[in-house]
Amino acid sequence: MLDINLLRSDIDAIASRLASRGYTLDTCTFNQLEAERKALQTRMQDLQAKRNASSKQIGEAKRKGEDVSAIMAEVASLGDELKAAEQGFEAVQARLDDWLLSMPNLAHESVPLGGNENDNVEVRRVGTPRQFDFTVKDHVDIGTPLGLDFDTGAKLSGARFSVLKGDIARLHRALAQFMLNTHTGEHGYIEHYTPYIVNDTPLFGTGQLPKFADDMFKVLKGGDEEDRVEQYLISTSEITLTNTVSNSILKAEELPLKLTAHSPCFRSEAGSYGRDTRGMIRQHQFDKVEMVRIEKPEHSYAALEEMVGHAENILKALELPYRVITLCTGDMGFGAAKTYDLEVWLPAQNTYREISSCSNCEAFQARRMLARFKDENGKNQLVHTLNGSGLAVGRALVAVLENYQNADGSVTIPTVLRPYFGGRDKISR
RNA sequence: GGAGAGGUGGCAGAGUGGUCGAAUGUACCUGACUCGAAAUCAGGCGUACGUGCGAGCGUACCGAGGGUUCGAAUCCCUCCCUCUCCGCCA
């Protein structure tokens, strides 16, 4: 959520910055609504002040045993007026709130301008794609004989679900373990285990709601009809990790908070029909190790660079070639002020594909969830929140299968994962 | 699922219709005393929003949402959460 004071004071500048993200701000309607709000709020508060004063007088008069009928008559006439003012104010306020909640974040000044992913800017490439002396297979063809099973996934749950068996399942587990161990052991993140089902409030906090309800899975508790409150499966543990600090005032010395979790993520992928239908690039359920940081504003951009480095360390340790790109204004997510994507080399697709996304949301989420800290002057300030994948486990599995494949159909186990395989160096039939 | 007890400021804990944004204790901050500290004494110390250049002023908030009333932390209704015991359960 943007600071409404920015919109009040400099709406044209805000509108043009939002335009660079493809969002059109109707400044005229906003100004009109805001003027209405101001008038109604002032009026409502004046009436409330009047009522409070009169009620106090009534109390005092009664204690002294004086006649109160005159004041009573006076205050009685306030009632309807006050109710109307309150209702009017609430209606306008609700419209403003909805609007504000649906407005994307402003891009940081260092973000390249652009309309779509073609305008993203490559920052660096690390590692050299391996030269194969045989025809490379994609992860489906390599994985299927080794235990990657889409048919059973489809039988159980439909398209975009999979079952992992045997060494493939173990490789998947090893990847997640390795990532989590690295972030906790070497990068200083605190491991968390969090709910996979959440209420709507945290989703408003991190920005999935109100705009992106279609991307979520909803769940209902069993039992009586009226008990069936709607809840949501998390689409990322960014939701639970970031919301741990909602509605709180942290001490300055508690910051930064560095949190991590390994969790499944559930996404409905509405609107992505026909995209990445083959294989496990795009699934309704996938695992991810997430990094979240709660930072002081002045440190958040340094923290973003650091966090990207932490995600990169996983790829480096796995010896997977990748590149880092800066998303342009038109390709960034709703809440991000700046985003780096990490793209891993997939030989079968002969291209780099996203495996991590690291964003600084600045105060956008903090303002929604009221996450603050007390600064050196004793003032409450909104924190900055950051999140990044470190990494998407399913896609890491894809990358390992494709980059480490051998001519005989086996897959070499990356050195850092061998301890999770009792020292073995290869997966084969 | 059954029975009961609760949810008030950082924490503890008063407060059953008006002078309550809320006693008191504790923690914390500032000052005094002290060589320094402890103890003691004095003062300060919630959040959000509105308004004003500003000191300030105003409004709202006692788990959440409704209701009664001129007036609600206090009365009524609904919901949520926590705790204890029993049952079931990984």
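Below, chain A is the first sequence line, B the second, and so on; all start at residue 1.
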Starting from the 5' end of RNA chain B, give me the residue, A:I58 or A:N380, whose nearest nucleotide shows up first.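 Looking at RNA chain B, the more 5' nearest nucleotide goes with A:N380.
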A:G59 or A:K374, whichever maps to the more 5' nucleotide of RNA chain B: A:G59
Can you measure [X] atom [atom1] to [N] atom [atom2] for me and round it to whole angstrom units?
{"X": "A:L78", "N": "B:C70", "atom1": "CG", "atom2": "P", "value": "12 Å"}
{"X": "A:E60", "N": "B:G71", "atom1": "CD", "atom2": "C1'", "value": "13 Å"}
{"X": "A:K83", "N": "B:C70", "atom1": "NZ", "atom2": "P", "value": "11 Å"}
{"X": "A:K251", "N": "B:C11", "atom1": "NZ", "atom2": "P", "value": "11 Å"}
{"X": "A:N247", "N": "B:G10", "atom1": "CG", "atom2": "P", "value": "12 Å"}

With rounding to the nearest 0.5 angstrom, report the CD1 to CD distance, A:I427 to A:Q405.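 Reported value, rounded in 0.5 Å steps: 13.0 Å.
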Pick base, sugar-phosphate or nothing for A:I249, based on heavy-atom distances below 4.0 Å to the nucleic acid. sugar-phosphate
Contact list for [range], test ring pair (Phe, Tyr, Trp, His ring centres under 6.0 Å), sequence neighbours left out:
{"range": "residues 147-183 of chain A", "result": "A:F161-A:H284, A:H183-A:H187, A:H183-A:Y189"}
{"range": "residues 366-399 of chain A", "result": "none"}
{"range": "residues 55-82 of chain A", "result": "none"}

For [N], the Watson-Crick or wobble counterpart (both distances under 3.5 Å):
{"N": "B:A12", "result": "B:U24"}
{"N": "B:U40", "result": "B:A32"}
{"N": "B:A48", "result": "B:U59"}
{"N": "B:U68", "result": "none"}
{"N": "B:A90", "result": "none"}
{"N": "B:A3", "result": "B:U84"}
{"N": "B:U74", "result": "none"}

Pairwise [atom1] distance for [N] and [M], with rounding to whole Å:
{"N": "B:C76", "M": "B:C53", "atom1": "P", "result": "47 Å"}
{"N": "B:G71", "M": "B:U19", "atom1": "C1'", "result": "13 Å"}
{"N": "B:C62", "M": "B:G21", "atom1": "P", "result": "12 Å"}
{"N": "B:A73", "M": "B:G63", "atom1": "P", "result": "10 Å"}
{"N": "B:C45", "M": "B:G50", "atom1": "P", "result": "23 Å"}
{"N": "B:G2", "M": "B:U8", "atom1": "P", "result": "26 Å"}
{"N": "B:A3", "M": "B:G10", "atom1": "C1'", "result": "35 Å"}
{"N": "B:A22", "M": "B:U74", "atom1": "C1'", "result": "12 Å"}

Per side-chain contact (heavy atoms from CB on, under 4.5 Å), A:F89 is matched among A:M44, A:R43, A:K38 by A:M44
Of all residues at least two apart in sequence or in a different chain, which pass the salt bridge (charged side-chain N to carboxylate O under 4.0 Å, His left out) check with A:R37?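 Testing A:R37 for salt bridge (charged side-chain N to carboxylate O under 4.0 Å, His left out), a comparison that skips the adjacent residues, returns A:E34.
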In chain order, what residues pass the salt bridge (charged side-chain N to carboxylate O under 4.0 Å, His left out) check against A:E238, with sequence neighbours excluded? none
Quiz question: going by heavy-atom distance under 3.5 Å, is there a donor-acceptor pair between the base of B:G18 and the side chain of A:K56? no
Candidates A:R160, A:R282, A:R395 - the one meeting salt bridge (Lys or Arg N to Asp or Glu O under 4.0 Å) with A:D276: A:R282
Salt bridge (charged side-chain N to carboxylate O under 4.0 Å, His left out) between A:K338 and A:E362, worked out: CA-CA 9 Å; A:K338 181 169 190 174; A:E362 298 188 3; over 6 Å; no
Base, backbone or nothing for each nucleotide of nucleotides 49-62 of chain B, written B, S, -, heavy atoms under 4.0 angstrom, 5' to 3'? SSS------BSS--
Strictly below 4.0 Å: does A:R372 bring a side-chain N or O up to OP1 or OP2 of B:U47?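 It does not, given that no N or O in the side chain of A:R372 lies less than 4.0 Å from OP1 or OP2 of B:U47.
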